[in-house]
Amino acid sequence: MSTKPTLKQALVGGVSLALALSLGACSGNRGGGDEAGDSNGGARIGVAMPTQQSERWIADGENVKSQLEALGYEVDLQYANDDIATQVSQIENMINAGAEALVIASIDGTTLTGVLETAESQDIPVIAYDRLINESDTVDYYTTFDNYEVGVQQGTSLLTGLGVLDENGTDTGQTGPFNVELFAGSPDDNNATFFWEGAMDTLQPYLDKGILKVPSGQTDFQQAAILRWLPDTAQDRMEDLLTVGNGQQIDGVLSPYDGLSIGIISALRSGGYTEENLPVITGQDAEVGSVQSIVNDEQYSTIFKDVRELGKRAVVMVDDLMKGEEPEVNDEETYDNGVKVVPSYLLESQIVTKDNYKEVLLESGYYEQSDLD
Ligand code: BGC
C-alpha cells in the first residue's frame, strides 16, 4: 500500500505528506521567526492559480496551500478564472498584503512582467508553478514536469493506439494510412509549444512516410492551438474539421489536455461516431471524467502528472528560500524565458491507458475506485 495520501486526502488536509514535510521545517525565515528551531512565524505566501474550471488546478492549489500551512505559513490562495487582469490584480493584492514569496501558475506567461517588478523591488522571491513566466528576470525558480517528454508521450500513445507501435514502442510495420487531426494547447501557455514539439517530433516521421495523414491539412501549431485550453473551442474546431475532411473517417486525434478531449469527443459523437468507431484520442492530466472515458472506451490515453509531487516540490522551494537556502534544481538549460534561463526542477509523467490505469492511478493512491464510479 502506498503511504501517499489519495488526491482527495491531499485536498482535505495534506495529512501525511504535509506532516512529513513539517518534520524538516523548523528553522526561521526571511520574514518570520529567525532563530534555529523556531517555526516559520506565519510568513505569508501568495499562491496564484489560473482557474477552477479544471480539477487539476483545484488540486494543485489545495495541495500547495495545505502543505505550506502544515509548515506554519499563512497562505493567500487565489484563482483568476482564466482572466489575465484578475490574475495581475490578485498578485498585486498579495504583495500589498505582505506576501513574502509568490508561487504563480500563470494564465498568459508574458503578462506578469509589470507586477513582478513590484515583487522584485520588495525582494519577494517568485516561483513559477508548472507554467513558465516569460520575459521577466524576476522569476527565481520553476517547477514543472518534463513538458517536451509529455508531448512525446502523447505522440507515442497515439501511435500505440493506432497499432503503429507496439507496447514496447517498436514499429509494428503497420503502414496505414491513418487519418489523424492535431490539436495544441493555449498559445500563451509556454507549455503548449513544448507539448506540441514533443508530439510532432514523434509523429513527423510517420507523417513523412504517409503512414499518418492529416485530412484537414492543418499541421501548424497556430492552426491547432486552442486559446485558454477551452473545451468548447476544441469542440467547435473538431466540428469544423469533420466538414473540412469531407467525411473521411478519422482514426486518431492528438489532444494535449483531457478537457479538450471531452470537447473533441462531443463533436465526434454529434458527427455520428460511437464507441465502436471513435478515433484514438489522447489527453493529459488524468482528470476523473477522462479516466472514466478511458475505461468506457471513448478516450484512449491520458498523461498522468502527479500534482501531489509538484505541490511538494513547490513547497520545498518556498521553504528553502524562506530559510535562506538554495532550492535543489535538476535542469538549468531548458527553460529560457526570453530574459534568463530559469533554474528548474522537472518531474516525470506517465502514459495511462485502460491497460494500466489501475496500477498507475489506483495503486499509487492518487484515486480510489469510488472516485471513478
Ligand atoms: C498544464 C497541463 C494542463 C494545461 C491546461 C498546462 O499548462 O501543464 O497539465 O493540461 O495547462 O490546464
Side-chain angles (χ1 to χ4, degrees), residues 7 48-61 63-64 79-84 87 103-112 127-134 139 142-154 157 183-199 221 224-234 254-264 281-291 293-294 299 301-311 313-314 331 334-335 337 342 344-352 361 366:
L7 188 62
M49 290 284 153
T51 176
Q52 282 169 303
Q53 293 309 311
S54 156
E55 277 161 32
R56 79 145 282 190
W57 295 113
I58 299 176
D60 283 285
N63 268 332
V64 173
Y79 288 90
N81 202 19
D82 260 344
D83 183 63
I84 295 166
Q87 185 164 61
V103 176
I104 302 174
S106 56
I107 296 165
D108 178 328
T110 59
T111 51
L112 301 177
I127 294 171
Y129 184 91
D130 197 49
R131 296 175 173 175
L132 186 62
I133 298 170
N134 284 310
V139 191
Y142 178 38
T143 185
T144 186
F145 292 81
D146 182 337
N147 293 306
Y148 179 85
E149 184 57 27
V150 168
V152 170
Q153 290 173 333
Q154 289 168 336
S157 69
F183 284 74
S186 190
D188 54 6
D189 179 344
N190 193 66
N191 290 348
T193 42
F194 277 80
F195 302 149
W196 175 259
E197 279 164 18
F221 175 81
I226 301 293
L227 186 64
R228 297 282 122 72
W229 303 91
L230 287 174
D232 288 353
T233 312
L254 174 76
S255 165
Y257 158 52
D258 287 347
L260 300 192
S261 314
I262 286 172
I264 290 164
I281 303 163
T282 62
Q284 173 171 201
D285 291 337
E287 296 201 326
V288 166
S290 295
V291 178
S293 177
I294 289 172
Q299 191 168 320
S301 62
T302 187
I303 306 299
F304 172 51
K305 296 163 52 171
D306 193 336
V307 296
R308 296 171 301 186
E309 293 301 316
L310 186 63
R313 183 52 56 183
D331 183 294
T334 310
Y335 288 98
N337 78 348
V342 183
S344 307
Y345 196 101
L346 310 186
L347 297 164
E348 286 176 12
S349 54
Q350 237 179 313
I351 298 172
V352 172
L361 300 176
Y366 193 73

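Everything numeric here is computed off the predicted structure, so don't read it as measured data. The figures that follow rest on heavy atoms only: side chains count, while hydrogens, waters and symmetry mates do not. Just follow the structure's listing: the first ligand is 1, and inside any ligand the first atom is 1.
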- Item | Criterion salt bridge (charged side-chain N to carboxylate O under 4.0 Å, His left out) on Arg228 and Asp82, from CA distance to verdict | CA-CA 7 Å; Arg228 297 282 122 72; Asp82 260 344; 5.1 Å; no
- Test Tyr335 against Tyr142 for ring pair (Phe, Tyr, Trp, His ring centres under 6.0 Å), laying out the working first. CA-CA 8 Å; Tyr335 288 98; Tyr142 178 38; 4.9 Å; yes
- Can you check side chain to side chain contact (heavy atoms under 4.5 Å, CB included) on Asp146 and Glu348, steps first, answer last? CA-CA 6 Å; Asp146 182 337; Glu348 286 176 12; 5.9 Å; no
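Counting protein heavy atoms only, atom 12 (O) of ligand 1 is closest to Trp57 NE1, 2.9 Å. Shortest contact from atom 10 (O) of ligand 1 to any protein heavy atom: Asp285 OD2, 2.6 Å. At the shortest separation from atom 5 (C) of ligand 1 among protein heavy atoms lies Trp229 CD2, 3.4 Å. The nearest heavy-atom contact from the protein to atom 1 (C) of ligand 1 is Asp130 OD2, 3.2 Å.
Heavy-atom contacts of Arg56 reach the following atoms of ligand 1: 1 (C), 2 (C), 8 (O), 9 (O) (cutoff under 4.0 Å). Taking every non-hydrogen atom of Lys305 and a distance limit under 4.0 Å, the qualifying atoms of ligand 1 come out as 1 (C), 2 (C), 8 (O), 9 (O). Listed by number with element, the atoms of ligand 1 under 4.0 Å from a non-hydrogen atom of Arg131 are 4 (C), 5 (C), 6 (C), 7 (O), 11 (O), 12 (O). For ligand 1, the atoms lying closer than 4.0 Å to a non-hydrogen atom of Asp189 are 6 (C), 7 (O), 11 (O).
Around the CD atom of Gln53, the shell of radius 6.0 Å holds no more than 12 heavy atoms that belong to other residues, nucleotides or ligands.
The main-chain N or O of Tyr148 is never found under 3.5 Å from a side-chain atom of Glu197 such that the two would form a donor-acceptor pair.
The side chain to side chain donor-acceptor pair (under 3.5 Å) check on Thr111 picks up nothing, with sequence neighbours excluded. Applying the ring pair (Phe, Tyr, Trp, His ring centres under 6.0 Å) criterion to Phe183, with sequence neighbours excluded, gives no partner residue.
With a 4.0 Å cut-off on non-hydrogen atoms, Phe195 touches ligand 1 through its side chain and not its backbone.
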